[in-house]
Amino acid sequence: MQVAIVWFRNSLRIHDNPVLSWACESESVDFVLPIYIFDEEIHQGSTFSMGEHRLRFQFDCVEDLQQNLKHKLDLDLHIFSGNCLEVLQSIREQLQPFEVTLLEEFSTAPRERKQSELIERELINVDQNWSAKSFPSCQTILDIGAVVNSPGYRPPKSMKDMVRLFRTKFGDFDNIVFKTNDPDFSPSESKQGLSVKSEHLISLNEIRPLLSEPGYFRGGENEAITRLEKKVTSQHDYVRRFNKPKSISTNVQGNPMEPSTTGLSPYISTGCLSIRRLWNSCSEIQQSSEHTVPPVSIHGQILFREMFYLLSGSVENWDQDSGNSQCKEIEWGELDHALLESWDSGQTGFPLVDAMMRQLNTTGWMHHLGRHAVSCFLTRGQLWQNWTHGRDIFERKLIDSDWALNNGNWLWLAGVAPFSMPYYRIYNPCPDSKSSLNVETKDAEFIRHWVPELSEFPSKYIFEPHLAPLQIQESAGCLIGKDYPNPIVDRKESRKKNLESFKLSLEKLR
Ligand SMILES: Cc1cc2nc3c(=O)[nH]c(=O)nc-3n(C[C@H](O)[C@H](O)[C@H](O)COP(=O)(O)OP(=O)(O)OC[C@H]3O[C@@H](n4cnc5c(N)ncnc54)[C@H](O)[C@@H]3O)c2cc1C
């Protein structure tokens with residue numbers, strides 16, 4: 001008799017889930033045991049790697065998964081907290097009569113790779129009843145392991161490389177509809193579940209009171225499908241005209257929470273939404289008429305995502321600023337806690353940066369061009385801090401936090417990677433209506449919402465409020481330096497100095 005343990009990690013969904021489908025369809029499997037493991041520190045309401053909003057989102061995803069597994073497949077998701085090896089050891093004895101196969105998603109993230117290696121070493125290799133099976137293409141379209149190990153593979157540097165790769169693999173890729181693995185099993189066909197006991201088991205009801213309130217984005221596969229329908233499947237013109245660099249960074253008019261882009265990233269990074277399902281929805285719309293193409297289209301965004309997964313799976317030290325072939329070692333300044341803290345808490349005195357960071361702190365999400373603005377500001381733009389400090393803060397706080405993408409994009413924005421934008425193209429953190437950060441400047445609704453101290457400021461001064469005459473500050477009820485901070489640096493001077501330092505650093509590397 002065989003038990004398949006389905007270990008849910010980054011694919012918290014029923015639809016198009018190769019691991020779950022295999023377990024439910026394989027003739028050799030008699031029982032299916034779905035599991036999810038939280039970090040031990042979940043009892044503190046946030047963990048080392050997950051800030052409160054990220055954890056809340058993850059929690060909602062797990063709860064939704066548990067309900068879907070029960071309703072659709074009559075399977076009980078066993079939820080644990082603790083070290084993954086200890087969790088598996090704790091149920092090992094109860095599974096003694098069976099052959100056990102641990103089913104896992106392939107991952108490029110070091111934390112997950114280390115966990116898998118530990119289990120392999122301490123459990124799989126020592127217990128002949130246990131085996132493990134890893135599944136590719138759960139989080140990506142490409143089989144990342146196969147591509148990076150194929151002869152002639154070179155790390156992609158640009159969208160051109162990605163288009164070439166996709167064309168070679170899939171031909172007319174922009175119209176392709178990938179075969180998805182939609183498990184629409186009726187309960188009678190599904191496998192029998194199994195129940196185990198463990199001191200590491202936890203109930204979601206124990207954790208719920210420790211968590212923050214649900215944010216604007218609610219986690220879970222059901223929410224993911226609803227958002228996909230609302231923003232993509234039912235919006236043919238939106239998909240056909242999607243042009244990422246032209247999208248507004250300050251969210252939609254009238255709703256300072258709602259992204260101008262799809263807002264699907266939290267669902268994709270937790271795997272509540274299969275990336276193939278998003279791809280296919282776009283292909284089906286695009287097939288019938290003219291449409292934008294990579295790099296600006298939605299397919300283009302997915303290609304960037306695939307590119308970073310390839311890089312994260314093939315570049316040593318992908319998350320380091322040293323010993324990383326994709327990172328020039330710039331001599332960044334000493335870590336300045338005060339500067340970093342002002343940036344992190346949205347108190348820099350630069351309203352666009354502060355509004356974006358406060359949005360992150362409240363919702364766990366920020367538009368791509370907002371991320372451009374704040375990451376450029378922290379690194380080569382104004383504060384001259386190492387990109388890894390910002391990366392760490394994003395990793396904890398973003399509800400779409402993804403190791404491969406977060407590192408890739410920070411490398412890009414810090415100007416240190418072969419695929420980076422030129423380091424001397426620095427965003428003005430006090431943008432006007434022509435800025436490529438695409439900020440709504442006429443009413444400045446976004447700034448007024450996220451930086452309420454400035455809500456009565458005239459739009460003319462709202463992006464650089466310290467320049468407003470005192471009389472205007474008084475009538476707006478906000479004195480700069482008292483009610484809202486003065487800029488923590490002189491933006492022009494710091495820009496000039498940092499450009500010189502970057503150039504000098506590059507020269508030393510030659
Ligand atoms: C400094 C920095 C850090 C970032 N960290 C993350 C992260 O941890 N997780 C994350 O998902 N994205 C990250 N991004 C990429 C990007 O900002 C988000 O994916 C995007 O803003 C999500 O919004 P959306 O779903 O509306 O995107 P859309 O424009 O609607 O794109 C659709 C999907 O394509 C993918 N995508 C879009 N842009 C990118 C990109 N530049 N790189 C890779 N994939 C992309 C996402 O899965 C996204 O959901 C980061 C960007 C920057 C500049």
Side-chain angles (χ1 to χ4, degrees), residues 10 49-51 54 57 109 139-141 156 159 162 217 224 227-228 230-232 235 238-239 242-249 251-252 257-279 281-282 292 294-312 319 343 356-357 359-360 363-381 387-417 419-421 427 437-438:
N10 297 308
S49 57
M50 291 197 189
R54 188 176 166 202
F57 191 85
Q139 300 168 55
T140 51
I141 289 170
M159 182 55 74
M162 290 307 294
F217 296 90
R227 178 165 275 272
L228 178 71
K230 186 175 138 210
K231 296 285 288 208
V232 177
Q235 301 293 330
Y238 174 80
V239 172
F242 193 91
N243 189 328
K244 184 66 168 275
K246 298 243 162 75
S247 62
I248 302 294
S249 62
N251 297 344
V252 303
M257 306 272 190
E258 179 56 36
S260 62
T261 47
T262 65
L264 285 169
S265 54
Y267 303 98
I268 295 169
S269 61
T270 49
C272 292
L273 182 65
S274 134
I275 194 68
R276 275 179 293 273
R277 188 145 180 179
L278 172 59
W279 178 282
S281 299
C282 298
T292 54
V296 303
S297 61
I298 298 182
H299 277 176
Q301 308 318 299
I302 298 177
L303 290 193
F304 278 125
R305 187 173 180 276
E306 298 281 317
M307 171 170 142
F308 290 132
Y309 266 89
L310 287 174
L311 291 169
S312 72
D319 57 0
W343 179 84
M356 289 291 171
M357 292 305 291
Q359 180 192 12
L360 172 66
T363 68
W365 192 87
M366 193 193 295
H367 185 278
H368 185 57
L369 292 172
R371 301 182 199 203
H372 275 227
V374 303
S375 55
C376 178
F377 182 85
L378 180 72
T379 56
R380 65 199 158 89
W387 60 273
T388 56
H389 304 315
R391 182 274 316 275
D392 289 343
I393 289 172
F394 266 33
E395 183 169 313
R396 272 195 95 240
K397 291 189 173 177
L398 279 173
I399 54 172
D400 64 22
S401 182
D402 179 311
W403 182 79
L405 308 191
N406 195 27
N407 281 292
N409 278 287
W410 272 97
L411 287 162
W412 184 323
L413 265 298
V416 296
F419 46 82
S420 285
M421 61 213 303
Y427 292 110
L437 291 171
N438 300 345

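We count ligands from 1, going down the list as the structure has it; atoms in each ligand are counted the same way.
Here the heavy atom of the protein found nearest to atom 8 (O) of ligand 1 is Asp402 N, 3.1 Å. Here the protein heavy atom with the shortest distance to atom 34 (O) of ligand 1 is Gln301 CB, 3.3 Å. Protein heavy atom nearest atom 28 (P) of ligand 1, with residue, atom name and distance: Thr262 OG1, 3.8 Å. When only non-hydrogen protein atoms are considered, atom 23 (O) of ligand 1 lies nearest to Trp365 CZ2, 3.3 Å. For atom 9 (N) of ligand 1, the closest non-hydrogen atom on the protein side is Asp400 O, 2.7 Å. For atom 44 (N) of ligand 1, the closest non-hydrogen atom of the protein is Arg305 CB, 3.5 Å. Nearest to atom 12 (N) of ligand 1 among the protein's heavy atoms is Arg371 NH1, 3.7 Å.
For the pair Phe217 and Pro259, the tightest heavy-atom approach, listed with the atom from each and the gap, is CZ-CG, 3.8 Å. In plain terms, the two heavy atoms of Glu395 and Arg54 that are nearest each other are O-NH1, 2.9 Å. Considering every non-hydrogen atom in both Val232 and Leu278, the closest pair reads CG2-CD1, 4.1 Å. Minimum interatomic distance between Gln359 and Asn251 (heavy atoms only, all atoms of both residues): NE2-ND2, 3.0 Å. Taking both residues in full, the closest heavy atoms of Ala404 and Ser312 are given as CB-OG, 3.4 Å, listed atom of the first, atom of the second, then distance. For Leu264 against Ala224, the heavy-atom pair with the smallest separation is CD2-O, 4.1 Å.
Any N or O atom pair closer than 3.5 Å counts here, and Ser265 shares at least one such pair with ligand 1. Taking only nitrogen or oxygen atoms, main chain and side chain alike, His372 does not reach within less than 3.5 Å of ligand 1. Checked against a 3.5 angstrom limit, the closest N/O atoms of Leu264 and ligand 1 fall inside it. On a distance-only criterion, Trp410 and ligand 1 share no N/O pair closer than 3.5 Å. Looking at Gly263 next to ligand 1, an N or O pair under 3.5 Å apart turns up.
Ligand 1 places these atoms under 4.0 Å from at least one heavy atom of Leu413: 53 (C). The contact set between ligand 1 and Ser401, taken as ligand atoms under 4.0 Å from a residue heavy atom, comprises 8 (O). Atom numbering of ligand 1 starts at 1 in the shown order; those under 4.0 Å from a heavy atom of Phe308 are 42 (N), 43 (C).
Summarising the contacts of atom 3 (C) of ligand 1 with Ile298, Val232, Asn406, the nearest heavy atom is found in Asn406. Of the listed residues (Arg227, Glu306, His368, Lys244), the one carrying the non-hydrogen atom nearest atom 38 (N) of ligand 1 is Lys244. The option with the heavy atom closest to atom 51 (C) of ligand 1, from among Asn409, Val374, Leu378, is Asn409.
By the 30° and 60° cut-offs, the orientation of the rings of Trp412 relative to Phe304 is perpendicular. Using cut-offs of 30° and 60° for the angle between ring planes, the Phe419 and Phe308 rings count as perpendicular.
Remark: Arg391 is not positioned above the aromatic ring of Trp403, lacking an NZ or CZ atom under 6.0 angstrom from the ring centre and at most 45 degrees off the axis.
Under a 4.0 Å N-O distance rule, the pair Lys397/Asp392 does not qualify as a salt bridge. Salt bridge present: Glu258 and Arg227 bring a charged side-chain N and a carboxylate O closer than 4.0 Å.
In Ile275, neither the side chain nor the backbone holds a heavy atom less than 4.0 Å from any atom of ligand 1.
Between Trp343 and Phe377, the ring center distance fails the sub-6.0 Å criterion.
Not a single heavy atom of Pro259 lies less than 4.0 angstrom from ligand 1. At least one heavy atom of Phe242 sits under 4.0 Å from some atom of ligand 1.
Listed for the Arg276 side chain is no donor-acceptor partner under 3.5 Å among the backbone atoms of Gln139.
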